[in-house]
Amino acid sequence: MKARYLIISILLLAACQQIEEPFDPRDNSSANKDRVYTLTIQATKSDAVTKALALDGNTLKSYWTTNDKVRVFRNNEYVTELDVVPGDGEYPLTATLTATDVSDLQQGDQLFLLIPRKYTSNSSDWIYTGQNGLLTGDNSVSTKYDYATATVTVSTIDGTNITTTTANFDNEQSIYRFGFKVGDNKIDPSDITISSANGTLISSRTLSSGGWADVPGSLTFNPTATSDHLYYFALRNTSSSADTYNFVIHDANSALYMASISNIDATLLKGKFNSAKSIPTSQTRFAPGDATGTVGDQSGVL
Amino acid sequence: MEAKDKSMYVSPATEVVEIKTDGVICGTSDGATRSIYGESQSIGGTGYDED
C-alpha cells in the first residue's frame, strides 16, 4: 500500500511540475507556442439570424450571421476557424469572432481572414461550382458562395490581450440576378453554362505556398426552378476591362438556347449586385426536336 | 457531497487569450465589419432588367 501511495505522489508531483512551466506575461512579442489559446476578436451582443444575404427591394444586403465562419490563414497556411456572434440590428454589419486552439502567434504576423459561409472539411475550399440559382437556403449564394476577405496584422501581444490592426471585409465576387426569355415567354433552365469572352471568369481558387491562385473556366449550373423565373449566381471575374458573358441554356425539354450580355463594366465585376431579369435568347436550329437545322447554323430565332 | 473546485484542474492548455482588434476585427468596439452588395445595377442593355 505504501508503495502505491509513493507512486501516486510521484505522479502528482510530476503533473504539478508540468503545470508550473514558466509563462512570462511580460513577453509582448509572441504567444507561447507550447500553449493552446482561445482567440477572441471583439465582444458585441448576439442577434442570431439565419440569412446571410437579404434582398430589400433592389438592394442586396450582406451581413453577419451565426451561421458564418471565418477562416484564418498565416503565411498561406490554415490556422483556425472563427465562430461568429453577430452584432445588434436586423442586418448586423459587425460581429464578434472567436476560436479555440490558437497558438504561436507573433507580433507582426499578417493574418488573412476568409468568410466561407459554410463549413467544409477542406479548410481552403473556395469554389463557385455547384450553385443552385437560389439566393438563400442550402447550396445557395448566401450560405456557400458569398466569399469575403480581410487582412490584419498582429500589432501587440500584452499579457492575455493580443491586438491587431483593423479588418474590413470586402466581397470577392459580384452577385447576379438573371432571367431568360424567348419571345415573351420566360425560360426555366435545366442547365446554364456561363463563359466570359475575356476568359476571366473563375471556377475556383486554390491555396499553395505561393498564395491563392485563380482557376479560370466556364461554369455550368443546374438551377432549381423558381416561381418568378429568376436565378442568382455568385461570379468572380478578374477582368480589368469590360467583359461579355455568353450563355448556353437547356430548358426542361432539352431545347437549346443561346444568349449574351455585352459591355459589362469592369467596375461591376466585384462586390456589386447586377440584374438582368429578361435576357433575350435565341433557340438554335440544331436544337433537339428541330430537324430542320444545319450543324454550325446558330442564327435561327423562334 | 461538496462540489470540487474546478479551478484546481485548469491547465495551461486551456488558458484564454483575448485578441482585441483595433477597430474592427481588430480594434474598435464595433467589431469586424463587412461590406454589402448594394443596389442592383442593370446590365445587358435597355429592357434586359424589366419584369
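The sequence lines fix the lettering, A, B, ..., with proteins before strands; numbering per chain opens at 1.
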Inset, instruction - Write down the atom of B:Glu50, the atom of A:Lys186, and the distance for their closest heavy-atom approach. - result: O-NZ, 4.4 Å
Legend entry - For B:Tyr48 against A:Ser260, the heavy-atom pair lying closest together: CE2-O, 4.0 Å
Inset, instruction - Report yes or no: does A:Ser275 contribute a side-chain atom to a donor-acceptor pair with the main-chain N or O of B:Asp49 at less than 3.5 Å? - result: no
Inset, instruction - Under 4.5 Å, counting heavy-atom pairs only, tell me which of A:Ile264, A:Ile175, A:Val84, A:Ile279 racks up the most with chain B. - result: A:Ile175
Legend entry - Rounded distance (nearest 0.5 Å) linking atom CD1 of B:Ile43 with atom CZ of A:Arg177: 10.5 Å
Legend entry - Part of A:Asn263 within contact of chain B (heavy atom distance under 4.5 Å): neither
Legend entry - Contact summary for B:Gly44 and A:Ile261, nearest pair of heavy atoms: CA-CG2, 3.4 Å
Legend entry - Heavy-atom closest contact (A:Ser174 atom, B:Tyr37 atom, distance): CA-CE2, 4.3 Å
Inset, instruction - Below 4.5 Å from any heavy atom of chain B, which atoms of A:Thr244 appear? Answer side chain, backbone, both or neither. - result: neither
Legend entry - Heavy-atom proximity to chain B below 4.5 Å, by part of A:Tyr245: neither
Acceptor/donor pairs from residues 265-273 of chain A side chains to any protein atom, 3.5 angstrom cut, sequence neighbours excluded:
| residue | atom | partner | partner atom | Å |
| --- | --- | --- | --- | --- |
| A:Asp265 | OD1 | A:Thr267 | N | 2.7 |
| A:Asp265 | OD1 | A:Thr267 | OG1 | 2.6 |

